Amino acid sequence: MQHISVNSPTLVAGGASSLPEYQRPLSFYGLAPSDDITIEEFENFSFQRLEMLRKIESKATRGLTSEEESKKLADELRNVFNLSTPEGRRQDVISHHTLRLAFSAPDRRSWFVKMESDLLSLRLRFGGDVKQFIESNGMHMEPVSRSNFATLASDLDAVRAQLSAADQKMVRVPLTPDAVSKVPFAEASELVWKRSVLLRDGYAYVFNALLLPVIISRYRLALRRGLQAASNQVPTIQDSHTQLGSLFGALQKYDPGANYEPSGGTVDLASLDMLAKRSFPLCMRYLKGVMDTDHKLKHWGRQQYGLFLKGIGITLPDALQYWQSHFTRVMSDKDFDRNYAYNIRYNYGKEGKRTDWSPYSCSAILNMQPPVASDDRHGCPFRELSATQLTGMVTAELESANLPDAKERIEEVTSLAARNHYQLACKALWEASRPVPTHSPDGGAELREKPAVTHPNEYFDAAEAYRKALEVEREVGGVMPVAVDETM
RNA sequence: GGCGGC
DNA sequence: GCCGCCAACATA
Ligand code: SF4
């Protein structure tokens, strides 16, 4: 059996599980394993952990995040690595560090960080001890002095009164200075979001009973640093241990998040449906709809939509495959190659004068040859669609976001369009389902601050940025702000 | 879609 | 019939 070690000097004294990295049941995994680990162990442990993370993901994507579901999940996960035994802790640490290496590439980090932080959160919530975790890991939480506390006490009481019932139960009633910590604003974003903290001078005053999100926030930061470091180690490790290469290869194939997180500037074809639904401007959503039903698009529609797709990060091979797969449903492969493939490559700067053409702006789109043929689908729907069609599309889009004020929003959008304010209508639609977050950073502010949409890709980018800003909250179990209309 | 070449 | 090359810019 082939023994290998991640760290070069191997030390084994009195059994591996007495090593410092295996002492605490829960940690930020700051210490890498230093004992001998067999290939089989690497494989078994890391695949078991990957299974755990995938379970967490699948629960989350199916929306099973209630207290009961979370508890069930936590119980299930406890059976994978038994953290109350030294060997279970060893397996936990080894598997974590193996996956760090496998998920260290920049475009694979987010998924791993999210799942690992969910895992730690579950473990601490069900069966863990936050206070003990903080102590045993030497985490520093800045205490509040007696005199400072005196000035905050009444405000803290007010905050406590607003807590959810469950949280309120956790905070002991006569508040004392040692029941509160002073935390940098950024580390308490989820609590700020839920208005569970008192804000003063750029700091958040957090009830110690509710410190979990702060821990998770620090964990995410530490983990991101660790992944950065791990990515530097990967080449060395793969050089000295070729056996690990195939393990990493296998682990990569198991990455479930790879094709749904549009990261690293390129976008996977598989995520197109999802992206269209959540972030395409109306014109592009419309063109995509035509592609999905008719599998063809006339020339200017291809230009408008194709360049937009390039702009959001569809690669040339994917673009060729995308158009080909649709067009060949209504024509031969040969016809597609002869008449359309060249133009797609040309738009990507791979033919002729090799210019990387930029996607059309709104004014370019508004200014194109008007669609005359009955099957011309290009242009701006706010101008080209009949009032009935437009209302239908806008309604469909806003209904899926189920807003309290959908009626008014639809009316606002369609009446702007009727007055020929197409780009204003477009922006009103963007805003309708994207209320300004009260606390979290306003992703998409670039667009919100402008009066009108000026570019379809700007619409898309701002929509994605908005989503991403909210994601920060959701990663630590926060609330979506669509439900955040509580004006108080 | 237009222009151009054979 | 075969093929290559190009491209828009007011919309408060
Ligand atoms: S305003 Fe611009 S982005 Fe919006 S639908 Fe019209 S062309 Fe597309």
Side-chain angles (χ1 to χ4, degrees), chain A residues 280-284 286-287 290-291 294-312 314 316 319-320 323-324 326-328 330-387 389-390 393-394 409 411-432 445-462:
Chain A
F280 277 16
L282 200 59
C283 54
M284 301 306 170
Y286 180 58
L287 291 173
V290 173
M291 277 293 273
D294 298 349
H295 309 293
K296 67 190 187 14
L297 225 44
K298 307 268 298 189
H299 178 254
W300 290 111
R302 295 195 303 270
Q303 269 324 70
Q304 179 180 334
Y305 184 43
L307 287 168
F308 169 81
L309 290 179
K310 173 159 74 81
I312 68 170
I314 297 286
L316 174 56
L320 286 165
W323 294 101
Q324 209 248 15
H326 281 96
F327 277 31
T328 54
V330 292
M331 70 182 70
S332 68
D333 272 347
K334 189 178 255 174
D335 276 342
F336 173 79
D337 288 340
R338 275 208 304 256
N339 300 318
Y340 303 104
Y342 175 92
N343 268 29
I344 296 168
R345 292 193 300 271
Y346 179 83
N347 278 348
Y348 275 77
K350 295 301 176 195
E351 297 284 9
K353 72 168 122 157
R354 310 189 112 247
T355 307
D356 189 6
W357 301 96
S358 53
Y360 292 164
S361 66
C362 292
S363 47
I365 288 167
L366 263 337
N367 207 37
M368 276 191 292
Q369 289 214 320
V372 279
S374 62
D375 48 354
D376 269 337
R377 291 295 133 86
H378 63 271
C380 175
F382 292 105
R383 178 168 72 181
E384 308 302 344
L385 261 43
S386 72
Q389 281 178 302
L390 183 59
M393 276 203 87
V394 171
R409 298 305 198 135
E411 168 60 25
E412 183 191 2
V413 171
T414 51
S415 89
L416 279 167
R419 279 174 282 148
N420 303 336
H421 300 320
Y422 314 120
Q423 293 163 262
L424 294 182
C426 189
K427 200 220 161 193
L429 182 57
W430 188 94
E431 275 189 301
E446 330 82 73
L447 176 55
R448 197 189 302 281
E449 282 158 13
K450 299 171 89 178
V453 176
T454 62
H455 199 112
N457 291 85
E458 163 193 58
Y459 183 110
F460 175 83
D461 289 343

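Every value quoted in this text rests on a predicted model; they were computed, and no experiment measured them. In what follows, chains carry the letters A, B, and so on, assigned in the order in which the sequence lines appear, proteins first and then strands, with residues in each chain numbered from 1.
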**Asked** Can you tell me how far P of B/rG1 sits from NE2 of A/His378, to the nearest Å?
**Response** 11 Å
Only distances under 3.5 Å count here; give the side-chain donor-acceptor pairs of residues 353-360 of chain A to other protein atoms, sequence neighbours excluded, each with its distance to 0.1 Å.
unit_1: A/Asp356; atom_1: OD1; unit_2: A/Lys310; atom_2: NZ; d: 2.6
unit_1: A/Trp357; atom_1: NE1; unit_2: A/Thr355; atom_2: O; d: 3.3

**Prompt:** If the P atom of B/rG4 is compared with that of C/dA7, how far apart are they to the nearest Å?
**Reply:** 15 Å
**Message:** Side chains of A/Asn420 and A/Tyr422 only: does a donor on one sit below 3.5 Å from an acceptor on the other?
**Reply:** yes
**Prompt:** Starting at OH of A/Tyr340 and ending at P of B/rG1, how long is that distance when rounded to a whole Å?
**Reply:** 7 Å
**Request:** Show your working on salt bridge (charged side-chain N to carboxylate O under 4.0 Å, His left out) between A/Glu431 and A/Lys427 and close with a plain yes or no.
**Result:** CA-CA 6 Å; A/Glu431 275 189 301; A/Lys427 200 220 161 193; 3.4 Å; yes
**Request:** Decide whether A/Gln303 and A/Asn347 meet the rule of one side-chain donor and one side-chain acceptor closer than 3.5 Å.
**Result:** yes
**Prompt:** Quick check: does any side chain N or O of A/His421 sit under 3.5 Å from a backbone N or O of A/Ala452, one acting as donor and the other as acceptor?
**Reply:** no
**Prompt:** What salt bridge (Lys or Arg N to Asp or Glu O under 4.0 Å) pairs are there with at least one residue in residues 411-420 of chain A, not counting sequence neighbours?
**Reply:** A/Arg409-A/Glu412
**Nucleic acid footprint by protein, nucleotides 6-12 of chain C - heavy-atom cut-off 4.0 Å, B for base, S for sugar-phosphate alone** = BBBSBBB
**Interatomic distance where CZ belongs to A/Arg302 and P belongs to B/rG2 [whole Å]** = 11 Å
